[in-house]
Every structure is written in structure tokens, then in C-alpha cells.
Participant: 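Starting off with a structure, shown below.
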Amino acid sequence: MTITDDLQKLLDILPQDLRQILEKHPQRDSLVEVVLDLGRRPEARFPNQAEYLSETPVTQEQIDDCIKRVGTFGGDNRAGIEQTLHRISAIRNRSGKIIGLTCRVGRAIFGTIGMIRDLVETGKSILMLGRPGVGKTTALREIARVLADELNKRVVIIDTSNEIAGDGDVAHPAIGRSRRMQVAHPDLQHQVMIEAVENHMPEVIVIDEIGTELEALAARTIAERGVQLVGTAHGNQIENLIKNPTLADLVGGIQAVTLGDDEARRRGSQKTVLERKAPPTFEIAVEMSERQRWVVHESVADTVDNLLRGRQPSPQVRTIDDNGKVNITRHLVAINGRGGQTLGGEESFVPPARQANGWRASGQMVPLPSLPTEAQKVSGRSEFDRLLDESLNDYDGFDFANTKQAGPNGEDLPLHVYPYGVSRSQLEQVVEVLSLPVVLTKDIDSADAILALRSHVKNHAKLRQMARARQVPIHMIKSSTLPQITRGLRRLLNIDDPDVGDDREMQLFLHSASDDEMDALEEARLAVEQIVIPKGQPVELLPRSPQVRKMQHELVEHYRLKSHSFGEEPNRRLRIYPA
């Protein structure tokens, strides 16, 4: 990365004694800002520390002397130094007199765009989120330059505080061929945004610090006109925008929706739920948690929908190493829908609770059978097909070539199942992994059978009446877990339960599992198959996180054994009992 900061021009406005100290300071090149408050010691702030520059308190004369060397302070109490990116912010007393200054170093850093260049080139609107000082404006400036110079776009920057393109009428060269529109007063920013689109025919609008409802509405108007938006907003995560009524429209807006009784029971939620009101203004969001670590939400709409339904999103995590190489990883939601692990091709973030001891360290672990390749999945036959062929081959007195397969009640396959109170994502997972001839339907009229939670059916007489009127059988399961759902679907299809160690059943628990989860499931499987079942002895497993323990409980349930968790966090663990 190339950094230009014109630091000397900022030091020149400071009192002489402070300037001399900073010019010789060993961390001079990483200076973030200098704070001058009346009656207090002057302070220099660096990325990881702050230190006083003098024991002598700042005087009003020193502050007034600094003010004379900078530009005019606008309505946002900010000024700059012409042809630089530095920002001087003022603190005033009740009568309007300036009694404090924050002199912040502005740097043009060329190369930050490498983290998200592929996203910028898509032409989609991008919102940068992060706390103050994390580098949002620096990234915005670099994005504007790349869009204008390298991608040949018509770029207009709405520069309210002259922080992106510097103070003065001549824009800083860091923005390249981009054009800059200054704003007379912060309250007029939304008007200048609309004016830019109407008068200057831009392909891209770059806007820093969207902070008011009018600016959010102006951003939506611009996006609806087909102009790419690149902007920033204060807030660490998308959740902050969802909870902020002023800026919620940037991610689509939130509204309360009242569901019908049947839909509320089907979702397992309250009758009044929150849903996204409209398409998001910004299609992509980037959470700048650190300067070298950004979290990318490639679809803001999907992220907001997941958050409103109580699910965790699966964003990308992009980091950059010392060699400038960008590593892309991803947060994946665990199989039980709670929590997540971070996995990736270049780098993986392993939870600290993972331990290379116990079964694996003792040499007693054996690898699980390898999962089928994609070619095997395409050409392989499901267990259902195998059982069906075996039953048909036992009788050769009739030609089955043109006969349709039938379900337990004479239904044509695939079987259409209406889930009620059962996790749809887990149902889809079981159907996919076990290759069952089942199609999930949202319409009870087109269903061949209903798969429902027992507790829901007991409290819902209307469902029983509808099923009776339509002659649709209801099959009940105790809980919405993988083993219970698997057994319910097998009963629907009249398929016998497999042997305890069935490989296809094991794939359910390994589907989208992280390394830590696979280790835990492998440990539980070996404990059951090597000790609990053959020797009839209980076994205690290694301490695991709550979400991983839940997966182990489900695996033990698959073997029709009992287990419970005991101990205090972080040493809480599973104990498996013989039948």
C-alpha cells in the first residue's frame, strides 16, 4: 500500500514547541490526531496509545493562533487545510467561542480497494459500516478513485465536510478524475445529493456519513434511478441499522406484520412479527471491524431477513496478510441453526475451545467413512430405491416397467408433505442427504401427508378438522430434531430403520459441519460403538460448546440411547448411558 499524508502541513499549524516534539517523535508516521483543550495538557493520539506532549496546559492564545492557520469552520464545526486531507474539528463554549480543537491526520492510502475490488466492479450499491477511526472515509476515497480512473465511471462525490477531497476549491489528487460537490451546510446534504443526479449525470454517487432520515430517503431516490451508491454510516453492524429508526431505510426498513393463526403456528412464532418493508437501498454491506478485517454481506436483503427471523447470517470475512494477499473465509451457521463457525479455503478461525486430546490424542480415533463425491451422488442410488428394487425383484410374474411407484397410502411418488411446527430447513436437509422421494409443500390441499410436532397437534383442533375433511393423514414426531424428522419421514414412506451404523444417516450430522463439530460427533460415535453398546458402560465426553453438545445429543438419540449434560461452563460435557 502507498500512503500520502502531507503530515508536515498539519504540524505547521500547531504551536512551535508541540510541532518540534512531534517532528522528532518515533511514531510520527502513525499519528492519528492531536487534541488541544483549553486548560488541559496537549495530547497526541496514536493507534494503540495516547501521550501528553507537554506538562504546560493549552492557552487560549495557542488555540486562536491555530485557528488563524486553518480554513473557515463550517456549520458542522469542521475546517481543513487547503490541498490536504487533514480535518480540524472545533469544540465551542455556550457563547460560540472555540475552546478546543481536534486536529486529525488525513491520509490517502492507495491499495485498500483490493479487499473489495470485485464487489465494487459489480456495479451494486455498497454501504461501509464501522466505528469512527476505522478507515471508512479512506476506503471511500480510494473507491472513488478506482471507479473514476480505472473503471472509467462518471463519479460525483458529495463532500459535506471536505474530508474526502480536502479543503479548498481544488480537489485533492487522491480522488483521481472524480468530481467533488461541496455542501454549504450539513443540513443541505440531501439536497445536494439529488442535485448531483439531476444536473451532472453521474454513474456513481459517493457520500460520506449518511446520518439523517432525509439523507436516507435521498439515497433511496438515487438508487431507484439506477445510479450506483457508495456510502458510509456510523454503526458497527447491520443490526445497529435495523435498530436505528433514522437509518433503517438503508437496509429496507422494518415493519410489523400480523400473521394469521395457521401461519403463526406453522412458523412457530408470535402473531405479530417484524419483516423487511422494501428492497434495501444498498445491496452490499461491509462491516469494517478492523483495518485489516472486513465482514462482507453480499446480500443485505438475505441478511436482514435472517436477522428478523432469529437466524444468524453467513457473511464473508475478508482479511489481508502482511504480503497484501486477501483471504476470504465465511461464517457458516451450525447444523442446528444456532451459532456458527468460520470456515474458508485460505484461512479458518478455529474456536478456542477445540482441544487435540482425548480420543484423538490417544490414537483410538478412526476416520469416518468418506463422503461420496459429486459423481457418486449423481450416479448413486438412494436407500429407498434399493429397497424398492429388492421388493419388486422378488415377484417376476408382472411387468413393472410402466407402473408408477406408490406411497404407503397409494400416493404417487414423490410424496408431498406439509410440515407443521417442524423446521423446514432440517426437513430439506434430511430429504437431500438421504435422497428421499419427498417434496415439501406449503399448501395443505396438495399434501399427501402432514408431518407435525405432537405438542402442536394437541393444541390445534382446526388442523385435525382440516386433515380429516381432506383425508390427509397426520404423522406426529416428538421434537424437531434430525433423528425424529428422519424417523417420521421413514414411517411416511414405509422404509425400515437402518442399522445403527448406517453411513447415510451419519452424513446428516456431518452436513455443513465444521472441523470442531466433526471431531465432537466422531468422538460421540466412537464412544457409543466401542464402549456404550458393546460393553454396556456409560461414557463421558470432552467439554464442548452448547451448540456442539446439542449436535452430540441428537447423534446419541439416533442410536436410541440416553444422554445428558453436566458440569459448569466451560467444562460442561456429555455423559452417554447404555440402553
Side-chain angles (χ1 to χ4, degrees), residues 332-341 343 348 350-372 383 423 426 429-430 433-434 477-490 496-579:
L332 292 180
V333 178
I335 200 170
N336 57 4
R338 291 177 175 269
Q341 308 295 340
L343 303 174
S348 61
V350 180
R354 185 174 179 178
Q355 304 173 14
N357 54 14
W359 295 89
R360 175 153 288 177
S362 66
Q364 297 181 29
M365 299 293 268
V366 295
L368 285 170
S370 58
L371 297 180
E383 181 187 352
S423 168
Q426 288 182 313
Q429 183 179 315
V430 172
V433 174
L434 297 184
I477 57 177
K478 291 189 296 185
S479 58
S480 186
T481 61
L482 289 174
Q484 286 287 321
I485 292 173
T486 304
R487 290 175 202 158
L489 291 179
R490 286 184 178 280
D496 294 332
D497 285 350
D499 295 332
V500 167
D502 183 70
D503 293 342
R504 297 188 64 83
E505 293 275 348
M506 291 300 300
Q507 290 177 35
L508 275 174
F509 301 93
L510 299 177
H511 187 73
S512 301
S514 68
D515 289 347
D516 185 51
E517 292 163 351
M518 285 194 287
D519 282 356
L521 293 172
E522 189 177 21
E523 178 194 8
R525 183 183 75 89
L526 290 173
V528 169
E529 295 182 7
Q530 293 182 2
I531 297 178
V532 178
I533 292 178
K535 298 182 180 180
Q537 298 175 358
V539 172
E540 291 181 8
L541 305 182
L542 294 174
R544 302 283 180 178
S545 64
Q547 68 209 35
V548 175
R549 287 201 310 273
K550 181 176 180 183
M551 297 176 70
Q552 288 180 322
H553 278 300
E554 290 189 353
L555 180 62
V556 173
E557 184 185 355
H558 163 68
Y559 289 94
R560 290 172 173 71
L561 297 175
K562 299 291 184 183
S563 61
H564 81 272
S565 298
F566 73 103
E568 301 294 330
E569 299 286 0
N571 294 317
R572 194 163 175 81
R573 53 203 181 275
L574 226 68
R575 181 178 289 157
I576 307 174
Y577 298 95

Participant: Is the shortest heavy-atom distance from the side chain of Pro543 to the side chain of Arg549 under 4.5 Å?
Facilitator: no

Participant: Taking the side chain as C-beta and beyond, is there a heavy-atom pair between Arg575 and Ser565 under 4.5 Å?
Facilitator: no

Participant: So, using salt bridge (charged side-chain N to carboxylate O under 4.0 Å, His left out) as the criterion, who are the partners of Glu568 when residues are at least two apart?
Facilitator: none

Participant: Given side chains that start at C-beta, do those of Arg544 and Leu574 come closer than 4.5 Å, heavy atoms only?
Facilitator: no

Participant: Among Val539, Leu555, Ile576, find the residue that satisfies the side-chain contact (heavy atoms from CB on, under 4.5 Å) test when tested with Val528.
Facilitator: Ile576

Participant: With sequence neighbours left out, what residues match Arg572 under side chain to side chain donor-acceptor pair (under 3.5 Å)?
Facilitator: none

Participant: How about Gln552 and Leu541: do any of their side-chain heavy atoms sit closer than 4.5 Å?
Facilitator: yes

Participant: Before giving the answer on side chain to side chain donor-acceptor pair (under 3.5 Å), spell out for Gln484 and Glu557 the whole-Å C-alpha distance, their side-chain angles and the decisive distance to 0.1 Å.
Facilitator: CA-CA 9 Å; Gln484 286 287 321; Glu557 184 185 355; 3.0 Å; yes

Participant: Is any side-chain heavy atom of Arg573 closer than 4.5 Å to one of Asn571?
Facilitator: yes

Participant: Tell me, do Arg525 and Glu529 make a side-chain contact under 4.5 Å, heavy atoms counted?
Facilitator: yes

Participant: Which pair of heavy atoms, one from Gly536 and one from Pro578, lies closest together, and at what distance?
Facilitator: O-CG, 3.4 Å

Participant: Does the side chain of Tyr577 reach to within under 4.5 Å of the side chain of Leu561, using non-hydrogen atoms?
Facilitator: no

